[in-house]
Amino acid sequence: MPITGVSGLRGEMPGDRTLRLQHGNRIEALCVPGTHIAADIYGAAPAGTVSFSVKHTEGVNVEVVSQGQAEVGAAPGTGTRWPLKEGTVLRFSMNRASTEVNDNKVTVSFYAEGGQPISQAGVFLTGVGISLDVDTDRDGVVEKNNPNKASWTWGPEGHGAILLVSCNKESPFTLPSDGNDERVFSKEDLLDMARMVLRTEGPQRLPRGYEIVLYVPVTDADKVGVFHVQNPFFGQRYVQVLGQGKLCHTVQFTGGAAEMEFFVEGLRFPDDTFSGLVSIHVTLLETLAEGIPHTPVFTDTVVFRVAPWIMSPNTLAPVTVFVCSLKDNYLFMKEIKNLVNKAGCELKVCFGYSGRGGRWIQDEIEFGYIHAPHKSFPVVLDSPQDGGLEKFAIKELLGPDFGYVSREPLFEAITTLDSFGNLEVSPPVTVEGKEYPLGRILIGSSFPTSAGRRMTRLVRDFLFAQQVQAPVELYSDWLSLGHVNEFITFVPTSDTKGFRMLLASPVACYSLFREKQKEGQGEATMFKGYSGTDTKRVTINKVLSNDILAQQNQYVQRCIDWNRDILKKELGLTEEDIIDLPALFKLDKQGKAVPYFPNMVTMIVLANNLGIPKPFGPILGGECCLELRARSLLEPLGLCCRFLEDVVCYHDRLGEVRCGINVQRGPFPFNWWHLTP
């Protein structure tokens, strides 16, 4: 009959199963090769025993252990008699799986003084191989019994399997996303999942009272789903066997050498309550008798990390440009088409949203991606701030190999800082020797010492929990909308640095205007051809003589300089890495800053092609001096400047080119699991 064991992991002395030997009896036990069984010799010996000997079949390894140390001398099985000492145990294991039940045995003979045999005790052993395996080395191969499969480490020498969240939708007829399905309706859906293989080896059947169970801890049941084929001879239909409330699954033991393939999906991204790590276990259970609960004999464990959501900076190659078609932006659309054609990427025009205020597509969504060794696909993060495009991401983007994720706070108030114009990411940087190969996320917030608007905690926690793009909080509440993209952007360069950071700069604007005034151009007029609501004649002299405007921009500059210092420190930048683009602001009735003229920093970046808001600056010699200054700063870096008129459709509504356009970009070539957070 089976003997009750205690749970223990492979190869750990404290986890050895213990058997109670009985002289005069032979008992049965199941043994997983690579694990050990301990049997008390002293307690099993009959009265009068002074020595013992051990015999065993070829498939068993045995050692005599006294006081925790293996006895020195002849090996068990050689006919040697060992003196019986208190605390002496046998520690045995099997070196291979069995072909039949009870095909190996260990026999212990007890002897009295003078060598007279007294009694025997024995164990019939059945070896069953069990190994739960995943792609621990992250090379696309599910190798057998990798020693590191039960842990996860970062870095190029790290190990541990990776899961993708099933946040895409392979079929238009399924639930909101694949992660809600309990069946796999498409083979393409399986390609998103990580393979997990249960390898077993042994006799044609398990001895009575044993079973193999696959399970997840209750804490992980809502974070991972496991699928297995059902009725393999009738259509290869895969059903969910773990996850979504299913905690365990009894595995059918088929005998011989067998491999059972499972497919694993992530159901949740990391957040403030979830580190991203999930574990799956396989356990061999035994029971002493009917009505007695099962006891674990052996457990094998694998660990996955759910792949993080990764943002794409301006320096990555553009794939698709999205813009909403509106009644008032048809001329702007023509310019955008030309820019997109020049950049060699795709233009996706979104129709049908203008009636609901849907023009700020940058504020509504943020493009990113998820990546594992076996698969990568784009994932859009939907902002909790809805401006008429709240259905766009689900209707137009969610689909095969295009995922969707959102964070909707239940109790926090939503502000304009929750729009994703307030969400940027830097190119890769190195800060005091620490590398950030995927850049760092930048989010705008309130001034550190005062109450004010902040991005909702739920979204901030989500961004921090991804770990691979360590966010930096900036001060943006001084702006009317409060978006970081109103005063900062990044452009690619072909030099060693690879990028420049552009900052809006009232100081640069006043410096340029004073320079032109000294050249006798003080009466040069701004806003020529300007189609906005403010059509007053404004000259360089009027701007420079406006003390209120000067005071307001002095305040704005201090706010930008505060952020400048943070960015230099947190991104490891020097002044040579920063370009100051001329900009002016004015304060509204609430004391918040809005652009005085179209803000050139709020541009669209398509490789080396820049779509810059046309600033309508002072005209000198037939050309805008603000445009000329921007060209002189950017074109030597290999960038091509194209100035787009956006006054009617965007600027007059407190937005610019960047706010009305969004860009899906290609992924980083760097594997995120190679970094160390």
Side-chain angles (χ1 to χ4, degrees), residues 132-143 146 149 152 160-171 173-199 214-217 220-232 235-249 251 259-270 274 276-282 301-310 369-379 398-405 667 671-673:
L132 188 61
D133 298 315
V134 292
D135 180 15
T136 304
D137 293 338
R138 307 163 185 165
D139 59 0
V141 178
V142 179
E143 62 274 6
N146 188 297
K149 62 187 177 182
W152 208 98
I162 296 170
L163 284 182
L164 296 179
V165 175
S166 288
C167 56
N168 60 339
K169 186 176 182 179
E170 298 293 346
S171 170
F173 306 107
T174 58
L175 294 167
S177 69
D178 290 340
N180 300 105
D181 294 331
E182 295 186 5
R183 287 180 173 82
V184 172
F185 294 92
S186 166
K187 289 184 177 180
E188 286 71 22
D189 197 10
L190 292 178
L191 299 178
D192 299 339
M193 302 185 192
R195 289 180 65 239
M196 181 175 70
V197 178
L198 176 60
R199 294 180 168 103
L214 197 69
Y215 71 95
V216 295
D220 290 347
D222 62 338
K223 303 175 182 71
V224 64
V226 179
F227 290 81
H228 185 56
V229 67
Q230 182 184 62
N231 298 325
Q236 295 284 317
R237 183 174 63 166
Y238 284 81
V239 299
Q240 191 178 65
V241 295
L242 293 177
Q244 302 282 26
K246 304 178 185 71
L247 296 180
C248 63
H249 170 69
V251 176
E259 292 188 356
M260 282 164 276
E261 189 174 42
F262 296 85
F263 292 88
V264 189
E265 66 179 0
L267 299 178
R268 279 180 55 186
F269 281 97
F274 173 40
L277 292 176
V278 295
S279 60
I280 301 176
H281 312 272
V282 64
T301 298
V302 295
V303 171
F304 292 90
R305 179 174 289 279
V306 175
W309 179 78
I310 301 173
Y369 68 96
I370 56 176
H371 179 205
H374 65 280
K375 187 73 178 285
S376 176
F377 58 80
V379 175
L398 176 62
D401 288 342
F402 210 121
Y404 169 88
V405 61
N671 295 328
W672 60 265
W673 51 89

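These numbers come from the heavy atoms of this one structure, side chains and all, not from hydrogens, waters or symmetry mates. This is a predicted model, so every value here is computed, not measured.
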| query | Quick check, are the ring centers of F377 and F402 under 6.0 angstrom apart? | reply | no
| Between H228 (side chain) and Y238 (backbone), is there a donor-acceptor pair under 3.5 Å? | no
| message | Distance alone, cut at 3.5 Å: any donor-acceptor contact between the side chains of D192 and N168? | response | yes
| Any side-chain heavy-atom pair from I280 and F304 closer than 4.5 angstrom? | yes
| Hey, does D401 have a side-chain heavy atom less than 4.5 Å from the side chain of K375? | yes
| field | Polar side-chain atom of T136 near backbone of G160 as donor-acceptor pair, under 3.5 Å | value | no
| field | Side-chain heavy atoms of E143 within contact of V197, under 4.5 Å | value | no
| request: Report yes if some heavy atom in the side chain of V303 is under 4.5 Å from a heavy atom in the side chain of V278; otherwise report no. | output: no
| message | Is there a side-chain contact (heavy atoms from CB on, under 4.5 Å) between L267 and Q244? Walk through the geometry before answering. | response | CA-CA 9 Å; L267 299 178; Q244 302 282 26; 4.0 Å; yes
| request: Mark yes or no for whether N671, through its side chain, and W673, through its backbone, hold a donor-acceptor pair below 3.5 Å. | output: no
| query | Are the side chains of F262 and R195 in touch, meaning some heavy atoms are under 4.5 Å apart? | reply | no
| Is there a donor-acceptor contact under 3.5 Å from the side chain of W309 to the main chain of I370? | no
| Would you say the side-chain atoms of W672 pair up with the backbone N or O of H371, donor to acceptor, closer than 3.5 Å? | yes
| Does the side chain of F269 come within less than 4.5 Å of V405's, by heavy atoms? | yes
| Roughly how far, to the nearest 0.5 Å, is the NE2 atom of H249 from the CD atom of Q240? | 12.0 Å
| Where do V134 and A161 come nearest, in terms of heavy atoms and distance? | CG2-CB, 3.7 Å
| field | Non-hydrogen side-chain atoms of Y404 and C167 separated by less than 4.5 Å | value | no
| With sequence neighbours left out, what residues match R138 under side chain to side chain donor-acceptor pair (under 3.5 Å)? | none
| said: Working note: V165 + K223, criterion side-chain contact (heavy atoms from CB on, under 4.5 Å); need CA distance, chi angles, decisive distance, verdict. | reply: CA-CA 9 Å; V165 175; K223 303 175 182 71; over 6 Å; no
| Distance in Å, E265 CD paired with D189 CG, rounded so as to fall on 0.5 Å steps | 7.0 Å
| message | Could you report the tightest heavy-atom contact between G276 and P270, atom names first, then the distance? | response | CA-CG, 3.9 Å
| said: Within the structure provided, determine whether D220 and R268 are in side-chain contact (heavy-atom separation under 4.5 Å). | reply: no
| query | Would K149 and D133 satisfy salt bridge (Lys or Arg N to Asp or Glu O under 4.0 Å), going step by step from the backbone distance to the final call? | reply | CA-CA 7 Å; K149 62 187 177 182; D133 298 315; 3.2 Å; yes
| message | Once rounded to the nearest 0.5 Å, what's the spacing between atom CG of L163 and atom CG of D135? | response | 11.0 Å
| field | Residue pair A372 / I162: nearest heavy atoms and the distance that separates them | value | CB-CG2, 3.7 Å
| query | What closest approach, in Å, do P217 and S279 show between heavy atoms, and which atom pair accounts for it? | reply | CD-O, 3.4 Å
| What distance separates D139 CG from H374 NE2, expressed to the nearest 0.5 Å? | 13.5 Å
| request: On the 0 to 90° scale, with breaks at 30° and 60°, tag the Y215-H281 ring pair as parallel, tilted or perpendicular. | output: parallel
| About how many Å separate CE of M196 and CG of L214, when rounded to the nearest 0.5 Å? | 4.5 Å
